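Report on the structure given below.
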Amino acid sequence: MTVITTVKDLEAALAEVRKEGKKTGLVPTMGALHAGHASLVKRCVEENDVTVVSVFVNPTQFNDKNDLASYPRTLDADVALLDKYGADIVFAPSADEIYPEPDTRRFSYPPVDTVMEGARRPGHFNGVCQIVSKLFYMVSPDRAYFGEKDFQQIAVVRAMVRDLKLPVELRPCPIVREESGLALSSRNTLLTDDERHTAAAIHAVLGESVAMRETCSVDEIRAFVVERLNAIEGLEVEYFQIVDAETLQPVGTWTEASGIVGCITVYCGSRPVRLIDNVRYK
């Protein structure tokens, strides 16, 4: 496995790969890797000749400087994990390497980028599109792998790929969870043991709500999830939306769309730590 820190060296390494006609897969990450990332890497290794994993905490997608400063950075441990799971190239650039000049490009893909995270984190998805498009141009992957925990992000990246006519196939991968049901996230490292235990209620309550779908309306389930979680000390729901899986627009009935997903963001603990999750209703 090779660790590369410059765009020039990355392009040189991949030129040889392309010359040999090998298929390339990309797993974009912000580091602090866990078993969820490992599942993406394993799938990428299985489906491609060469696996590239980027490790880069992208500053342009943070609208909170404190959030950027506190985001966990564990490059040595990340490299060890990626070597274990068979990655071929780790691309771990500096911010100056990725952004030698400010990226002034603007991406807009309503309605998928204007609701939920888009409404609450101004500029977030623009930053996501900036970094993901840069990585796609640098790596020219045949396939790119994203975890379904970031359900809305996948929808936005899919819209960007269509807009820019990029020849890359997106491969969404299932959420990986802790034994308690808590969705794996790099931010989980910021939780205490007690807070991790408390945060497990997010998945448990979402699971209860799925079981209620046959007898309850969309509004009743939305209210149930919010009220149930807010009643737990240490948790505060920022939003819970039940949406069309394609457009991400809120639905009013279970028959309104062929695919329906519940997307939630919850603050946990005294800091607090912002956690996201989702559940499919149909």
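Just so we're clear, the structure is a prediction, and the values are computed from it rather than from any experiment.
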Electrostatic pair [X]:[Y] at N-O distance under 4.0 angstrom:
{"X": "R18", "Y": "E20", "value": "no"}
{"X": "D142", "Y": "K22", "value": "no"}
{"X": "K23", "Y": "D49", "value": "no"}
{"X": "E46", "Y": "K42", "value": "no"}
{"X": "E236", "Y": "R274", "value": "no"}
{"X": "E16", "Y": "K19", "value": "yes"}

Suppose clustering is done on Ile, Leu, Val, Met, Phe, Trp and Tyr with side-chain heavy atoms closer than 4.5 Å. Which residues sit in the same group as V176?
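Besides V176, the hydrophobic cluster comprises L184, listed by chain and residue number.
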
Using a 4.5 Å cut-off between side-chain heavy atoms of Ile, Leu, Val, Met, Phe, Trp and Tyr, which other residues end up in the same hydrophobic cluster as Y267?
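Listed partners: none, Y267 stands alone.
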
Could you report the tightest heavy-atom contact between [X] and [Y], atom names first, then the distance?
{"X": "I221", "Y": "S209", "result": "CD1-O, 3.3 Å"}
{"X": "V55", "Y": "G31", "result": "CG1-CA, 3.7 Å"}
{"X": "L82", "Y": "V90", "result": "CD1-CG2, 3.6 Å"}

Selection residues 182-209 - residue pairs positive for salt bridge (Lys or Arg N to Asp or Glu O under 4.0 Å), sequence neighbours left out
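The answer is D67-R187, E178-R196, E208-R228.
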
Let me know which of V53, D83, T51 forms a side chain to side chain contact (heavy atoms under 4.5 Å, CB included) with M1.
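Output: one option passes, namely D83.
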
Only one of V205, I232, N230, T265 forms a side chain to side chain contact (heavy atoms under 4.5 Å, CB included) with V237, so which one is it?
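The single option meeting the side chain to side chain contact (heavy atoms under 4.5 Å, CB included) with V237 is N230.
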
Is there a donor-acceptor pair closer than 3.5 Å between any side-chain N or O of E256 and the backbone N or O of G252?
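Side chain of E256 to backbone of G252: a pair is present.
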
With a sphere of 6.0 Å drawn around NZ of K84, does it hold more than 12 non-hydrogen atoms of other residues, nucleotides or ligands?
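Not more than 12 within 6.0 Å, no.
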
